[in-house]
Amino acid sequence: MIDPSDAGRVVLAERLRCEGFAVVECQDGADGAVQALEEAPDAVIADLSMPSISGVQLCRLLRSEPGTSKVPVLLRGSEGRRNRFWAEQAGAFAYVVKGRMGELVRALRRAIELKASEPDEFFVVGFGKHLDVRERIATHLDAALFESVIAAEVRRLGTSESFDRLLDLLSQFVSQVTSYRWLGLFRCEPMRLGMHTHPANRDQALAEARRALAGSQDAPLVTVEDDDAIADPEGPPALVEPIYFGDRRIGSFALSPRAPVHPDDAVLVKAIARELGGALKMATLVEESRWLATTDALTGLSNRRAFIDWATREVARSARYGDHFCVTLLDVDHFKQVNDRYSHAAGDEVLATLSRLMSKLVRSCDVVARWGGEEFVVAFPSTALEGAMSVTERIRSALESQPITAPNGQPLKVTASFGVAELGPGETLEQVVDRADRAMYAAKGAGRNRVLSTTQLDPTPQSLLPQNNPPTSSLTPIVSLLSQGSKSLNAPR
């Protein structure tokens with residue numbers, strides 16, 4: 001029992017002895033801590049405020065030492081929510097207002113009974129006279145400050161808004177705190193593996209990270225490679241900690257330390273993993289909300305809104321630098337008949353198949369999007385009309401020969417009609433899409449399953465760049481083109 005007041009200490013000790021407790025009295029908080037650490041008592045009673053060390057510091061010190069971590073501490077002080085809050089945060093078993101002797105005795109009995117029900121643990125303490133309590137408290141406070149700073153920095157990562165950005169910012173932060181060979185971050189759903197490593201050790205680090213982070217073998221990979229990671233060819237085993245959000249495990253964090261391992265590295269990895277749950281969950285939710293807002297759920301392509309946002313910027317860039325920009329609009333032929341005859345599930349399969357087909361045939365810089373219903377749009381940056389027509393024809397031909405099976409097992413033969421337009425001088429996105437739309441409907445009117453460009457409808461050249469040889473086909477009526485048997489104007493199937 002620790003009480004700086006002689007009168008109060010005598011009264012309390014006498015009452016406790018009357019209740020059958022063996023009491024060791026201490027006037028100074030530091031002396032009481034030394035006695036508790038040298039011979040762990042069944043419980044400790046101390047004032048919240050004491051001259052040498054506070055009750056909060058005493059409580060944290062005893063909880064951090066193996067020999068006294070299970071010793072219940074009862075703190076006393078004046079009435080007030082703040083006092084109760086700090087006592088609870090320090091890990092006190094109970095906080096009792098001074099003067100409420102009966103409440104203190106009841107709390108003390110509960111604490112001792114609870115401790116007695118737990119299995120005994122044997123520790124050899126042996127600090128003796130060489131124990132400097134204030135030094136130990138300072139060490140624990142420094143450790144608590146270190147963890148609080150780490151926690152604050154990791155929580156700030158909650159604004160990263162994506163897994164990739166989270167990994168980048170996390171690697172920048174951790175590399176300032178310690179040196180390591182590689183850092184790994186694994187997210188369970190949707191699966192993603194992020195890794196920061198030195199460029200020279202990429203393959204070896206990836207193999208080590210996939211072994212250390214269970215379940216990450218098939219996860220898509222994103223890497224940050226720079227000299228902030230150390231190029232040591234070998235090192236100690238990786239430190240790995242799970243990441244939880246609430247009671248659910250959502251990922252893992254791993255660090256491959258350098259030899260010799262810094263004593264704080266294990267503490268650092270635990271602290272980071274403990275706080276990463278919120279940041280990782282937040283980044284995942286933002287990614288999911290953006291995906292839902294910009295992606296067509298059936299096909300996985302960009303939706304109309306996302307396409308317009310991207311294409312508007314691309315049109316402005318093309319106009320500024322005098323670059324080509326083409327748009328293809330397409331509509332599945334007789335799509336209503338597919339739904340009516342084979343079911344809407346068959347129609348969905350047609351749209352999904354067409355989406356996968358187009359995604360394979362275009363370049364990585366091209367953008368395919370669902371325009372609405374059975375209509376799709378494809379944008380070709382830095383591509384002249386001739387190139388866009390060539391790719392569009394490949395799409396048309398591939399769709400025509402693509403085997404599609406309805407849910408009932410029946411084979412489906414599907415075609416589409418395509419209209420292609422190139423951005424003209426001073427045109428907006430809306431205008432070039434409108435011209436592609438008119439070309440598409442002209443292709444439908446000409447028999448479907450064909451590709452038409454706006455130059456075949458409008459004699460005015462639409463290319464943003466000068467034409468060396470003005471296309472003669474732009475002056476030829478559609479009827480005349482049909483008679484010529486153009487490859488892109490096949491007879492209706």
Side-chain angles (χ1 to χ4, degrees), residues 1-6 8-77 83-84 86-96 98 100-144 147 263 266-267 270:
M1 182 197 73
I2 308 169
D3 190 336
S5 169
D6 292 336
R9 186 174 66 255
V10 170
V11 172
L12 176 58
E14 186 63 27
R15 175 66 184 271
L16 294 176
R17 290 189 179 101
C18 289
E19 294 288 339
F21 296 104
V23 180
V24 177
E25 300 180 42
C26 291
Q27 182 179 11
D28 183 78
D31 292 339
V34 170
Q35 291 201 35
L37 289 168
E38 289 180 340
E39 186 175 352
D42 292 320
V44 173
I45 300 174
D47 281 8
L48 185 65
S49 298
M50 297 184 291
S52 55
I53 63 173
S54 70
V56 169
Q57 292 172 334
L58 172 69
C59 189
R60 287 180 173 169
L61 173 62
L62 296 181
R63 286 178 60 84
S64 66
E65 296 292 342
T68 56
S69 61
K70 300 296 180 63
V71 174
V73 178
L74 289 75
L75 295 179
R76 302 191 306 154
N83 291 342
R84 291 185 180 277
W86 282 115
E88 291 172 0
Q89 292 300 307
F93 178 83
Y95 180 79
V96 180
K98 273 194 169 184
R100 298 179 182 175
M101 195 71 71
E103 182 180 345
L104 178 64
V105 171
R106 289 191 295 272
L108 181 59
R109 290 194 185 280
R110 288 197 308 271
I112 293 175
E113 289 172 359
L114 183 61
K115 184 176 183 297
S117 66
E118 296 179 351
D120 291 335
E121 296 182 5
F122 179 74
F123 292 96
V124 177
V125 183
F127 290 121
K129 299 180 180 178
H130 301 290
L131 175 66
D132 189 333
V133 172
R134 291 178 180 81
E135 182 179 337
R136 283 192 163 272
I137 290 175
T139 300
H140 291 303
L141 289 177
D142 288 344
E147 290 195 25
V267 177
K270 287 181 180 292

Item checked: Atom NZ of Lys270 with >12 non-hydrogen neighbours under 6.0 angstrom -> no
Notebook entry, point to check: CG/Leu114 to CZ/Phe93 distance, rounded to the nearest 0.5 angstrom?
Noted result: 5.5 Å
Next item on the list: Hey, could you give me the CG/CD1 distance between Leu104 and Ile45, rounded to the nearest 0.5 Å?
Entry: 4.5 Å
Check: Nearest heavy-atom pair of Ser5 and Gly8: which atoms, and what distance?
Finding: OG-N, 3.3 Å
Check: What heavy-atom pair brings Ala90 and Cys59 nearest, and what distance separates the two atoms?
Finding: O-SG, 3.3 Å
Notebook entry, point to check: At their closest point, which heavy atom of Trp86 faces which heavy atom of Val56, and how far apart are they?
Noted result: O-CG2, 4.0 Å
Check: Considering all heavy atoms of both residues, which atom of Leu58 and which atom of Gly29 are nearest to each other, and what is their separation?
Finding: CD1-O, 4.4 Å
Item checked: Main-chain N/O of Val71 paired with Thr68 side-chain donor or acceptor, under 3.5 Å -> no
Notebook entry, point to check: At what distance, to the nearest 0.5 angstrom, does NZ of Lys70 lie from NZ of Lys115?
Noted result: 9.0 Å
Notebook entry, point to check: About how many Å separate CE of Met50 and SG of Cys26, when rounded to the nearest 0.5 Å?
Noted result: 10.0 Å
Item checked: Sidechain-backbone polar pair: Arg84 side chain, Tyr95 backbone, donor-acceptor under 3.5 Å -> yes
Next item on the list: Return the minimal non-hydrogen interatomic distance between Leu108 and Ala43, and the atom names on each side.
Entry: CD1-CB, 3.6 Å
Checklist line | Gap separating the CD atom of Gln35 from the CD atom of Glu25, nearest 0.5 angstrom | finding: 10.5 Å
Note to self: I need the Leu12 CG to Ile2 CD1 distance, nearest 0.5 Å.
What the structure shows: 11.5 Å
Next item on the list: Search all heavy atoms of Arg9 against all heavy atoms of Asp3 and return the closest pair with its distance.
Entry: NH1-O, 2.8 Å
Next item on the list: Go through Leu75 and Asn83 one step at a time and tell me if the side chain to side chain contact (heavy atoms under 4.5 Å, CB included) criterion holds.
Entry: CA-CA 9 Å; Leu75 295 179; Asn83 291 342; over 6 Å; no
Next item on the list: State, with a plain yes or no, whether a side-chain heavy atom of Val73 is found less than 4.5 Å away from one of Arg63.
Entry: no
